[in-house]
Amino acid sequence: MPKRKFREEWLQEENFRGWLRKVDGDDYSAYCNVCKSTLVTEVSTLKRHSSSRGHTEGLARQTVAPAAQPPPPDSDDDPVTRAEIKLTAFLAEHNVSINTVNYLTSLLKDIFPDSNIASKLSFKRTKATRILGDIGKVAKIDVYE
């Protein structure tokens with residue numbers, strides 16, 4: 001067990017600001033918000049962790065990712081996003097393989113050439129999987145409430 005307790009002043013230091021936090025109920029542990037890992041509260045360990053490759057890459061991803069992606073449109077305002085969500089929910093509800101969406105979008109465009117919404121559908125299994133995960137999170141919150 002380390003001899004040093006977590007010190008609140010570390011949260012103000014440039015090397016630790018933004019990613020380090022105290023572990024509730026454990027004075028001898030710290031938590032890295034970037035790596036999602038628990039660390040011992042020795043200054044040398046914390047400094048070594050802050051310069052580790054995994055931590056610096058994670059920190060770079062964390063700061064670049066929000067700027068690289070535009071904010072998602074509100075599904076109530078965007079009929080194309082609404083259609084993508086509903087198609088994904090339909091596939092999940094009826095236990096249809098998510099890979100089907102790779103062919104379904106082009107089929108819908110072919111069947112409904114005059115549809116503005118169908119012509120703008122642009123999602124495949126990766127996006128459908130992400131949508132499905134988001135639906136699951138919302139459903140989980142609803143169940144808890």
Side-chain angles (χ1 to χ4, degrees), residues 1-109 115-145:
M1 178 171 234
K3 294 178 184 174
R4 169 133 350 234
K5 286 187 175 185
F6 186 91
R7 298 178 66 187
E8 295 294 328
E9 347 20 296
W10 292 341
L11 299 175
Q12 304 308 317
E13 287 187 30
E14 187 66 31
N15 287 345
F16 307 140
R17 192 177 307 135
W19 62 267
L20 185 70
R21 73 174 175 85
K22 183 179 179 180
V23 175
D24 293 333
D26 186 357
D27 292 336
Y28 297 98
S29 294
Y31 185 78
C32 175
N33 290 326
V34 175
C35 301
K36 310 291 188 242
S37 61
T38 304
L39 308 163
V40 295
T41 53
E42 295 173 347
V43 177
S44 60
T45 302
L46 298 174
K47 286 181 179 177
R48 190 170 44 250
H49 177 78
S50 70
S51 62
S52 70
R53 189 177 77 172
H55 179 79
T56 53
E57 287 175 0
L59 197 57
R61 276 193 308 271
Q62 192 177 45
T63 55
V64 171
Q69 298 176 359
D74 188 2
S75 61
D76 293 337
D77 295 340
D78 185 17
V80 177
T81 303
R82 186 176 173 87
E84 291 172 345
I85 292 169
K86 285 189 167 204
L87 281 170
T88 303
F90 176 84
L91 294 175
E93 182 178 356
H94 296 284
N95 201 23
V96 178
S97 171
I98 206 76
N99 290 328
T100 306
V101 80
N102 290 346
Y103 309 101
L104 183 62
T105 53
S106 57
L107 177 66
L108 290 172
K109 288 178 184 182
S115 171
N116 192 25
I117 295 172
S119 66
K120 291 181 180 178
L121 285 176
S122 63
F123 78 119
K124 297 201 183 274
R125 75 174 171 81
T126 305
K127 186 174 182 181
T129 302
R130 192 186 79 238
I131 290 170
L132 193 57
D134 292 344
I135 291 171
K137 289 176 188 172
V138 171
K140 192 176 189 180
I141 291 169
D142 288 345
V143 167
Y144 286 140
E145 290 176 354

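What's counted below: heavy atoms across the whole structure, side chains too, no hydrogens, waters or symmetry copies.
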Enquirer: I would like to know whether V96 and L104 meet side chain to side chain contact (heavy atoms under 4.5 Å, CB included); could you show each step before the answer?
Expert: CA-CA 11 Å; V96 178; L104 183 62; over 6 Å; no
Enquirer: Please report the interatomic distance OG1(T105) to NZ(K120), rounded to the nearest 0.5 Å.
Expert: 16.0 Å
Enquirer: At what distance, to the nearest 0.5 angstrom, does CZ of R48 lie from CD of E42?
Expert: 8.5 Å
Enquirer: List the atom of A118, the atom of L108, and the distance in Å for their closest heavy-atom pair.
Expert: CB-O, 4.0 Å
Enquirer: Are Y31 and D24 close enough that some pair of their side-chain heavy atoms sits under 4.5 Å apart?
Expert: no
Enquirer: With side chain to side chain contact (heavy atoms under 4.5 Å, CB included) as the test, would you mind laying out the steps for I85 and F123 before giving the verdict?
Expert: CA-CA 10 Å; I85 292 169; F123 78 119; over 6 Å; no
Enquirer: Would you please classify the geometry between the W10 ring and the F16 ring as parallel, tilted or perpendicular, with 30° and 60° separating the classes?
Expert: perpendicular
Enquirer: Given side chains that start at C-beta, do those of Q12 and E9 come closer than 4.5 Å, heavy atoms only?
Expert: no
Enquirer: Counting heavy atoms not belonging to R53, are there more than 12 under 6.0 Å from its CZ?
Expert: no
Enquirer: To check you understand the geometry: which heavy-atom pair defines the closest contact between N33 and G18, and what is its length?
Expert: ND2-O, 4.0 Å
Enquirer: Nearest heavy-atom pair of S50 and N15: which atoms, and what distance?
Expert: CB-O, 4.0 Å
Enquirer: Can any side-chain N or O of N99 pair as donor or acceptor with the backbone N or O of R125 at less than 3.5 Å?
Expert: no
Enquirer: Walk me through it: do D26 and T38 pass the test side chain to side chain contact (heavy atoms under 4.5 Å, CB included)?
Expert: CA-CA 11 Å; D26 186 357; T38 304; 5.7 Å; no
Enquirer: If you look at every heavy atom in W19 and H55, which pair is closest and at what distance?
Expert: CD2-CE1, 3.4 Å
Enquirer: Does the side chain of L39 reach to within under 4.5 Å of the side chain of L46, using non-hydrogen atoms?
Expert: yes
Enquirer: Keeping to residues at least two apart or across chains, list the salt bridge (charged side-chain N to carboxylate O under 4.0 Å, His left out) pairs with something in residues 84-93.
Expert: E84-K127
Enquirer: Give me the atom names and distance for the closest heavy-atom approach of V34 to L59.
Expert: CG1-N, 3.4 Å
Enquirer: Quick one: does Y28's side chain get under 4.5 Å of R4's, heavy atoms only?
Expert: no
Enquirer: Shortest non-hydrogen contact from K5 to T41?
Expert: C-OG1, 4.0 Å
